[in-house]
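These numbers come from the heavy atoms of this one structure, side chains and all, not from hydrogens, waters or symmetry mates. Per chain, numbering begins at 1; letters A, B, ... match sequence-line order.
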Number of protein chains: 2
Amino acid sequence: MADPMYRQIADELRQKIESGELRRGAQLPTEIDLREQYGASRNTVRDALRLLITRGLVETRPGQGTFVSERISPLVTTLSNPDTGGSGEVGVYEAEALQVREASAGPVRVEIQEAADSVARELQVKSGATVVSRHQQRFVDGTPWSLQTSFYPMGLVAQGATNLLQATSIDSGTMAYLDEALDVKQAGWRDTLTVRAPNENESLFFKIPSDGRVAVIEVVRTAFDQHGGPVRTTVTVYPADRNQFVFASGDIPPVVDEGGS
Amino acid sequence: MADPMYRQIADELRQKIESGELRRGAQLPTEIDLREQYGASRNTVRDALRLLITRGLVETRPGQGTFVSERISPLVTTLSNPDTGGSGEVGVYEAEALQVREASAGPVRVEIQEAADSVARELQVKSGATVVSRHQQRFVDGTPWSLQTSFYPMGLVAQGATNLLQATSIDSGTMAYLDEALDVKQAGWRDTLTVRAPNENESLFFKIPSDGRVAVIEVVRTAFDQHGGPVRTTVTVYPADRNQFVFASGDIPPVVDEGGS
DNA sequence: CCGTATTTGTTCGTATGTATT
DNA sequence: CAATACATACGAACAAATACG
């Protein structure tokens, strides 16, 4: 009488998934069916399913059913040193897709805000100081992939970097633009990764449960100029169940295809 | 009728925790008390508590009660480029503690194993090939912090690096040792971060719930020698609810103390 | 050491709400 | 609109872990 029943059920289902008996994308029996199959109550079945959800093996869709997650070969995001590989753009997260994947992005939403504590700390300004925020939704193969918001000190605009207020996508070249406009160069950056539960916006956008069963990964990248002052801080949020992050450093060979099992 | 009740309860409790009304380590009202306070059923209260557990705010101890997590200012692990800061040791994860923290480690457990698929892929050997594994438990301030296992191709031992089989802690200098013994130098490395549910060992060691409510972060660091061949792959697992990772690149100023709220 | 009270963990049954088809 | 399937919520009972006299 070792494991509780809900964990036994979860284990059996997990085995069926990993053995391929239940394929990716396939629909699991409904909770009612599982209740009968395992002689458990629906609540117990749901406890088992919650375990599988947390482990990223299945996902539930209200009104539809429970399905084996397609996920697999997680999206790989490279946060490498540009001195290392030839990853051109500095300050842009790049999905290094082993498979062919199509990345797209929503419109840029520009706002003038008062800096929250966390942002103020990164930008080394007073809490509540005025900052420019540029927010964007990103998709890969049409599915929600990340939410990204960049914050710039308002001082940069006052000094002439007025394009920061434009709602056009200059993200791939903002640092180049700042160099050109203000002679501000990016000398380095710092990435901070944190795992936490999603907030309401995030669970809606990523279509992950709102009860925290699936975490999100928050990457805060703060870029510094040649004088050691913070120029920009970018907060990017990814769902944790379908992402991996790679840091490369030094001289290493390119990645070989792995061919997921 | 916006949020479900269990989330409202969780929000109120979260507020009490963040405002300091419930201090770190303090015991929350029992589930029975909360049931009466909020006019909800015990199951609904437990749903709310599960949310807070997942967010790392509280933890439950059977027979005792529910307590505000001590956690706080997460441990920061730097995975930086050595060219950047002066972070001496290459290939060693370093807890950059803003507070004074005491790191310790358990004994090294050396084993000869057949490489699992994931390890074989990283070391670019055939699946099932013989490898040396060196496993260690790590603690910070006496609490479990990480589980680390390094894998080396058996070929290195055959070539003379016999010290790899010794159960003494040479971890901080294994790469230096390999340089000396075999003229193998570390030219670079690749870190891969994945978030997943803990396995049984991990949940026991870290004392986190075994149902996957708290994720773990798995960092796989593979080091490459001057010829681009993999020398070592190190798998380190951290509980996700009390850790942050920092990757610094280029020329950036040192971290300033933040003084948690 | 034992027994009891307390507290969380697991499981059941049931009812109703909400999203999708 | 109806049927289906998951989401939320209630109430109840017993088990297991812990604390304490």
Separation of atom [atom1] in [X] from atom [atom2] in [N], rounded to whole Å:
X	N	atom1	atom2	result
A:Asp3	C:dT10	CG	C1'	12 Å
A:Leu49	D:dT8	CG	P	14 Å
A:Glu59	D:dA5	CD	C1'	15 Å
A:Leu51	C:dT11	CG	P	11 Å

Under 4.0 Å between a side-chain N/O of B:Thr44 and OP1 or OP2 of D:dA9, yes or no?
no
Strictly below 4.0 Å: does A:Thr66 bring a side-chain N or O up to OP1 or OP2 of D:dC6?
yes
Hey, can you pull the residues of residues 29-40 of chain A with a non-hydrogen atom under 4.0 angstrom from DNA chain C?
A:Gly39, A:Ala40
Regarding B:Arg35 and B:Glu31, does a basic nitrogen lie under 4.0 Å from an acidic carboxylate oxygen?
no
Short N/O separations, protein against nucleotides 19-21 of chain C, under 3.5 angstrom:
{"from": "C:dT20", "atom 1": "O3'", "to": "A:Gln64", "atom 2": "NE2", "distance (Å)": "3.4"}

Atom CD of residue position B:Gln15 - does it have more than 12 heavy atoms of other residues, nucleotides or ligands inside 6.0 Å?
no
Around atom CD of B:Gln27, are there more than 12 heavy atoms from other residues, nucleotides or ligands closer than 6.0 Å?
yes
Between N or O atoms, less than 3.5 Å apart, protein on one side and nucleotides 13-15 of chain D on the other: list the pairs.
{"from": "D:dA13", "atom 1": "N6", "to": "B:Arg42", "atom 2": "NH1", "distance (Å)": "3.4"}

Side chain of A:Thr60: nearest nucleotide among D:dA7, C:dG13, D:dT8?
D:dA7
Cation over ring face, A:Arg190 and B:Phe247, 6.0 Å, 45°:
no
Closest-nucleotide ordering on DNA chain D, the 5'-leading residue of A:Asn43 and A:Gly65
A:Gly65
Answer with yes or no whether the side chains of A:Arg109 and A:Gln136 bring together a donor and an acceptor at under 3.5 Å.
no
Going by side chain to side chain contact (heavy atoms under 4.5 Å, CB included), B:Arg55 matches just one of B:Ile53, B:Leu51, B:Val58. Which one?
B:Leu51
